[in-house]
Amino acid sequence: MNMTPKQIVTELDRYIIGQDEAKKAVAVALRNRYRRSRLPDKIKDEITPKNIILKGPTGVGKTEIARRLAKLVKAPFIKVEATKFTEVGYVGRDVESMIRDLAETAVRLVREEKMAEVESKARESAEKKLVDTLIKNKKEQNQDTPEKLIKENLLKDLQSGKLDDQLLELEVNDTPKPIDLGPAGAAVDIGDIFGGMMPKRRKKRKLTVKEALKYLIIEESEKHIDQDGINTEAIRRAENDGIIFIDEIDKIAGRANASGADVSREGVQRDILPIVEGSTVNTKYGNIKTDYILFIAGGAFHLSKVEDLIPELLGRFPVKVDLHSLTYDDFVSILTKPENAITRQYAYLLAVDNINLLFSKDAITEISKIAVLENMTTEDIGARRLHTIMESLLEDVSFNASGEHPMIDVQIDKKYVQDHLKSTTKKHDLKKYIL
């Protein structure tokens, strides 16, 4: 996608409030990928992504910035916790698993695109197959009706959804369960081990017509797509467009002259180093070069500093951006501006049970004040604080809503917020008298 850095930031602003410096940094990194793709191969090979470290407290948008960035350009994206590599033994879990996970994501992404391209053709074939299955029962009931007319009527009913809940017996592929034979306990399909030489076993299952149609569309789509082509394209995308977000990188940052657990953390950093600086990782879809994957690392760095990372790894993250804690104005914006604002999410949820949730301006103000106070006086968990507050605030409404009544309005104003969050506001009032 050919977007300028300004356009990328504008898109990110639809979902993430503030953190302009971080948005600019990732927007430039993304635009540089496009610039690199337009260069001759000889120059292109010399240009590698400038990896980024996002430093800031939890809940301020580090992961969301990386995730939305990948979604914007349909790039393969995974998030890994740096701490998971310290959980098993001294060196930790196989760090190459992050590249294998990226390959899986890339294959799924390309496969979904190819399936979408052939869906109309596959749906047509699937509907014919399903009608042939359904006609057996109909013929027994209507032996005097011409088969052509039965087929036409069944196809109309199928397409209109009238048959969705009807049960039928369908022969489907019997997929073997994955077994743990891969590195670091990765699940491996028996079919992958034997290179697809084993014949596919079939079994009969009872499904609704709706479920059967979905299954047959997938089965028919697979006949029209080239799996080898998908794998080749997925490897290309993973290598050139892949984004890996390494969260909690501060938890593996050791301190100078450290011993014990800090030594183990340094071991993990040294294991991650070759992946970030560029190496070749073997996956079941083919080899992936990690030289041109964009790595974005995130961490709070409360107990350690960015400089506590080993110099070799730190040198592979030339761009460092500080993300600030959320302010009162940020919370007001988070509750009102984004397309996926939490107030809208709850409104959609409760609308299912005929509740029209309405938030007044003073309610938004009060919720934002409480969120700021809670983050200041307890743990600063950023925007995640709003989930805690909203759950408490709407507990009664959510519990009592049943959908058995006509649509009713529920007005959330300042008084409603104060009445339902008494224990929280009282706690802050008492803190004034505690030295």
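Since we're looking at a predicted model, the values are computed, not measured.
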Check [X] against [Y] and note the closest heavy-atom contact, atom names and distance.
X: I217; Y: A122; result: O-CB, 3.7 Å
X: S97; Y: F85; result: OG-CE2, 3.9 Å
X: I65; Y: A22; result: CD1-CB, 3.8 Å
X: M390; Y: I342; result: CG-CD1, 4.0 Å
X: R14; Y: E11; result: NH1-OE1, 2.8 Å
X: N51; Y: F295; result: OD1-N, 2.9 Å

4.5 Å side-chain heavy-atom contact, [X] and [Y]:
X: Y285; Y: E104; answer: yes
X: I78; Y: F245; answer: no
X: R111; Y: Q227; answer: yes
X: L294; Y: I244; answer: no
X: T290; Y: I99; answer: yes
X: M115; Y: E112; answer: no
X: L154; Y: E127; answer: no
X: L335; Y: F359; answer: no

Neighbour count >12 (heavy atoms, 6.0 Å) for atom [atom1], [X]:
X: E404; atom1: CD; value: no
X: K337; atom1: NZ; value: no
X: Q411; atom1: CD; value: yes
X: K361; atom1: NZ; value: no
X: N340; atom1: CG; value: yes
X: E152; atom1: CD; value: yes

Without swapping roles, check the side chain of [X] against the backbone of [Y] for a donor-acceptor pair under 3.5 Å.
X: S398; Y: E395; value: no
X: K62; Y: G56; value: yes
X: R344; Y: P338; value: yes
X: D250; Y: F301; value: yes
X: E233; Y: V110; value: no
X: R270; Y: L313; value: no
X: S279; Y: P274; value: yes
X: E248; Y: E81; value: no
X: N287; Y: T280; value: no

Yes or no on side chain to side chain contact (heavy atoms under 4.5 Å, CB included) for R68 and T63, after CA distance, side-chain angles and deciding distance? CA-CA 9 Å; R68 290 288 175 186; T63 309; over 6 Å; no

Could you walk me through whether R316 and E277 satisfy the salt bridge (charged side-chain N to carboxylate O under 4.0 Å, His left out) test, starting with their C-alpha distance in whole Å, then the side-chain angles of each, then the deciding distance to 0.1 Å, before giving a yes or no? CA-CA 6 Å; R316 297 292 166 182; E277 68 181 352; 3.3 Å; yes

Modelled atom types, side-chain donor and acceptor of [X] and [Y], under 3.5 Å:
X: S360; Y: D362; result: yes
X: T48; Y: R36; result: no
X: E366; Y: Y416; result: no
X: S325; Y: D380; result: yes
X: T4; Y: R31; result: no
X: N375; Y: R385; result: yes
X: D330; Y: T327; result: yes

Are [X] and [Y] within salt-bridge range, i.e. N to O under 4.0 Å?
X: E113; Y: R237; result: yes
X: D419; Y: K415; result: yes
X: K44; Y: D41; result: yes
X: D164; Y: K162; result: no
X: E220; Y: K223; result: yes
X: E124; Y: K121; result: no

For the pair I370 and V417, evaluate side chain to side chain contact (heavy atoms under 4.5 Å, CB included) and give the outcome as yes or no after the intermediate values. CA-CA 10 Å; I370 292 169; V417 174; 4.0 Å; yes

When you measure from the centre of the six-membered ring of F77, is the NZ or CZ of R67 closer than 6.0 Å and no more than 45° off the axis?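 No, R67 and F77 do not form such a contact.
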
Candidate pair K214 and E211, rule salt bridge (charged side-chain N to carboxylate O under 4.0 Å, His left out), full reasoning: CA-CA 5 Å; K214 279 183 185 175; E211 291 168 339; over 6 Å; no

Could you give the distance from [atom1] ([X]) to [atom2] ([Y]), rounded to the nearest 0.5 Å?
X: S120; Y: R123; atom1: OG; atom2: CZ; value: 9.5 Å
X: D20; Y: D13; atom1: CG; atom2: CG; value: 6.5 Å
X: I272; Y: I249; atom1: CD1; atom2: CD1; value: 6.0 Å
X: K24; Y: K6; atom1: NZ; atom2: NZ; value: 9.5 Å

Could you go through D132 and K151, starting from their C-alpha distance and side-chain angles, then the distance that decides it, and tell me whether this counts as salt bridge (charged side-chain N to carboxylate O under 4.0 Å, His left out)? CA-CA 8 Å; D132 288 339; K151 278 189 175 184; 3.4 Å; yes

Passes side chain to side chain contact (heavy atoms under 4.5 Å, CB included), L357 versus L394? Steps please. CA-CA 10 Å; L357 210 55; L394 300 173; 3.9 Å; yes

CA sep, side-chain torsions, deciding dist, call: I355, V397, side chain to side chain contact (heavy atoms under 4.5 Å, CB included): CA-CA 9 Å; I355 300 288; V397 179; 4.1 Å; yes

Apply the test salt bridge (charged side-chain N to carboxylate O under 4.0 Å, His left out) to residues D165 and K210: give CA-CA distance (whole Å), side-chain angles for both, the deciding distance (0.1 Å), then the verdict. CA-CA 7 Å; D165 298 325; K210 191 176 182 179; over 6 Å; no

